[in-house]
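Data block below; observations after.
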Amino acid sequence: MGKKKEKKVKGAEKTAAKMEKKVSKRSKREEEDLEVMIAEFQNLDAKKTQVVETTCPPPSARLSASLSAHPEKDELILFGGEFFNGKKTFLYNDLFFYNVKKNSWMKSDIPNPPPPRCAHQAVVVPQGGGQLWVFGGEFASPNGEQFYHYKDLWVLHLATHTWEIIKAPGGPPGRSGHRMVLSKKQLLVFGGFHESTRDFIYYNDVYSFSLETFSWSRLAPSGSAPLPRSACQMTSTADGMGVVIYGGYSKVRVKKDVEKGTMHTDMFLLKREGKDGQEKWSWSRLSPSGNKPTPRSGFSGAVGPGGRAVLFGGGNKSEKKKRRRGKKAAADGEGAERKGEDEEGAPQGPTEVIREIVTEDGTVMTIKEVIPGAHEEEEEEEEEEEEDEDASAPLVEPCARSSAMATVRQGKLFLYGGMFEVGDRQFTLNDFYSLDLNKMDQWEVLVEMDPKTQEWLDESESEDDEEEEEEEEEAKGAEGAEGAEGAEGAEGEKEEKEEEEEESEEEDEEGKNEHPAVQEGDLLTDYQTRTEQYWIGLARANMGAEAKDKKVAKVALAMAKVFFEDQ
């Protein structure tokens, strides 16, 4: 029996290795295209020569960022994240500090930060006056069709406010949705996924980064490991001798163009034994008592007082990539049944959506969700208003959401942003709450947001409408690399726009070139032919003199295409 099990495990490892190689090969082409875009962001950031700190409003709406508690001060640190408005995806690398006592935000522009990303992991450590370590994550093209998975490791020195990239070989391959925690003097990385346009792979490997030697090592724990997954909860044990893994999400391809998703509800302990340098790790499955959370993905986690792990939110609609790839999802039939209801004059009654969720033990759960029509929503709002008027102390709590940012400082849970879905629409939040975990009696609203104020651009809009919008944008002076402007903030705040205009004027004075504008009536091939030499020059500048001409020309075409489609 033991030999059969061992053969089965080795077979699974070989299959995973083959899939990883396949995904890496197929995604290489699209990642090369995105590397050029990422390099442009880094070139813009390289112009910053000094730290600039400004008091600011709360960060713009976002999800899948990182929120961490400063190890020494009453501060929270928010980094990165993403925003999707129905048509475009924006990725951020901005850095914010929240003063808990003053209830105020400060934006910190530090030279040479990590490029924009989401679904990364960040861990704070007390050494050196406090450090924020960031690993991995994901970058997406504005149209959400291409993805780049980072495998870089960065550290923000909180005492000096400087970013540093750590170049150490032997680390995990590029991924997002993984988990990373501090365990004694090591950073432990588990799981995550890597996806290209056609293929994907989920991981269950474990890597350790030593904060003493600044070196990576891949662990080989004994015992039965959790199935590959992303977005699980990973918490260090109180004694620092291990970590606990709970839940997560994964999918497998059962047939061509047919995928099966699984929401995991199992729990594992990864335990360390032996002295430093002679450690042995082992997996064991745990069976916790009490009422387990219902199957979900996209939940948020943090460690509270007394070594308690806190889990918040999540949802049962877990296919993030379908939300981004709106055109592909529509082609696959998603949302097709609702088309008639959205037409003018059509009755807008309640819609019942039925979904099936498969847990890791094979159990199939059927969940019915009723989406109310517009008239019903108005009635419900009126009833809620009446109830609020009658109630002396109305209940205040965050709305249901997934992919929110959570952390704990001084016994308080802080929850920022995230998103929730209604039908085929996604609303990204920037509200901010805190909860005293010692009392657990009421939420405190730190930033309130009305999701009805958020603009949603329907992907079903006609091409004529899109062209009109582009012409209006051009008439307003919205020329240039719109993707780079989007990285400065999806909200397009007035102050940021003024700064961008000033920077643009300075560049003009210095004689720097802007990207060639797309002319009315241009087809992609026309634009590429007319601006070929410009994009080749830009690609050559980014890729270096040693890059082959053929590859430079290929990347130049890709850059022109990305810019053309972005206009």
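Between H157 and E164, the side chains place a donor N or O and an acceptor N or O closer than 3.5 Å (distance only, hydrogens not considered). Residues R401 and S403 bring no donor and acceptor atom of their side chains to less than 3.5 Å of each other. H264 and S250 are linked by a side-chain donor-acceptor pair at a separation below 3.5 angstrom, with hydrogens and angles left out of the test. Side-chain N/O atoms of S210 and Q186 include no donor and acceptor closer than 3.5 Å.
Aromatic ring centres of W283 and F190: separated by under 6.0 Å. Proximity of the aromatic rings of F432 and Y98 is defined here by a centroid distance below 6.0 angstrom, and this criterion is met. Annotation: Y207 is not in aromatic contact with F209 [ring centroid separation under 6.0 Å not met]. Between W154 and F135, a ring centre-to-centre spacing not shorter than 6.0 Å is recorded. Aromatic pair F83/W456: ring centres not closer than 6.0 Å.
Remark: side-chain polar atoms of R409 are not paired, donor with acceptor, to backbone N or O of T407 under 3.5 angstrom. Remark: side-chain polar atoms of S66 are not paired, donor with acceptor, to backbone N or O of Q121 under 3.5 angstrom. In terms of modelled atom types and a separation under 3.5 Å, the side chain of R308 and the main chain of L437 share a donor-acceptor contact. A distance-only check finds no donor-acceptor pair linking the side chain of S176 to the backbone of H149 [under 3.5 Å]. Between the side chain of R62 and the main chain of G80, a donor-acceptor pair closer than 3.5 Å is present. Distance alone, capped at 3.5 Å, places no donor-acceptor pair between the E75 side chain and the H70 backbone. Remark: the backbone N or O of D109 is not paired with any side-chain donor or acceptor of K48 at under 3.5 angstrom. Listed for the R117 side chain is no donor-acceptor partner under 3.5 Å among the backbone atoms of Y150. A donor-acceptor pair is defined here as one N or O able to donate and one able to accept, closer than 3.5 Å; such a pair exists between the side chain of R179 and the backbone of C232. Checking side-chain atoms of S108 against main-chain N and O of E53 turns up no donor-acceptor pair under 3.5 Å.
The pair K102-D74 fails the salt-bridge criterion, with no side-chain N (NZ, NE, NH1 or NH2) lying under 4.0 Å from an Asp/Glu carboxylate O. We find that D152 and K167 are not joined by a salt bridge, their nearest charged nitrogen and carboxylate oxygen being 4.0 Å or further apart.
Atom-to-atom distance recorded for E397:CD and Q442:CD is 12.0 Å, nearest 0.5 angstrom. Distance check: Q233 CD to L311 CG gives 5.5 Å after rounding to the nearest 0.5 Å. Going from atom CG of L286 over to atom CG of D266 covers 10.0 Å, rounded to the nearest 0.5 Å. With values rounded to the nearest 0.5 angstrom, S402 atom OG is found 6.5 Å from E421 atom CD. Considering CG of L446 and OG of S434, their distance stands at 4.5 Å, rounded to 0.5 Å. Between the OG1 atom in T89 and the CD atom in E145 there is a gap of 9.5 Å [rounded to 0.5 Å].
Here the closest heavy-atom approach between residue S208 and residue L188 is recorded as CB-CD2, 3.8 Å. What you find for K88 and N85 is that their closest heavy atoms are N-OD1, 2.8 Å. M405 approaches L67 most closely through the heavy-atom pair CB-CB, 3.6 Å. Closest approach of P226 and N204 over heavy atoms only: O-ND2, 2.9 Å. Contact detail for N112 and A46: the closest heavy-atom pair is OD1-CA, 3.8 Å. Closest heavy-atom contact between C399 and F312: O-CZ, 4.5 Å.
Looking only at side-chain heavy atoms (C-beta outward), S60 and N430 stay at 4.5 Å or farther from each other. Inter-residue side-chain proximity for V243 and F268 is flagged as unmet; no heavy-atom pair is nearer than 4.5 Å. Side-chain contact between P398 and D431 is absent, with no heavy atoms from C-beta onward closer than 4.5 Å. At a threshold of 4.5 Å between non-hydrogen side-chain atoms, the residues L95 and L78 do not count as touching. Between Y203 and P173, the closest side-chain pair of non-hydrogen atoms falls below 4.5 Å. Residues L153 and I165 are not in side-chain contact: their nearest non-hydrogen atoms beyond the backbone lie 4.5 Å or more apart. Looking at heavy atoms from C-beta onward, L63 lies in side-chain contact with E82 at the 4.5 angstrom threshold. Contact check for L76 versus V100: side-chain heavy atoms found under the 4.5 Å cut-off.
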From CA spacing to verdict: side-chain contact (heavy atoms from CB on, under 4.5 Å), T294, R296: CA-CA 6 Å; T294 55; R296 65 188 69 195; 3.0 Å; yes
Stepwise side-chain contact (heavy atoms from CB on, under 4.5 Å) check, K107 with D94: CA-CA 8 Å; K107 185 176 182 180; D94 42 11; 4.0 Å; yes
side-chain contact (heavy atoms from CB on, under 4.5 Å) between K73 and F97, worked out: CA-CA 11 Å; K73 302 179 181 179; F97 289 85; over 6 Å; no
Worked check of side-chain contact (heavy atoms from CB on, under 4.5 Å) between K412 and E444: CA-CA 10 Å; K412 279 190 174 182; E444 179 182 0; 3.9 Å; yes
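Taking the centre and axis of the six-membered ring of Y202, the NZ or CZ atom of K251 falls outside the cone set by 45° and 6.0 Å. Relative to the ring axis of Y249, R229 does not place its NZ or CZ within 45° and under 6.0 Å from the centre.
Using bins of under 30°, 30° to 60° and over 60° for the plane-to-plane angle, the ring pair F79/W163 lands in the tilted bin. Ring geometry for F214 versus W133: interplanar angle over 60°, hence perpendicular rather than tilted (30 to 60°).
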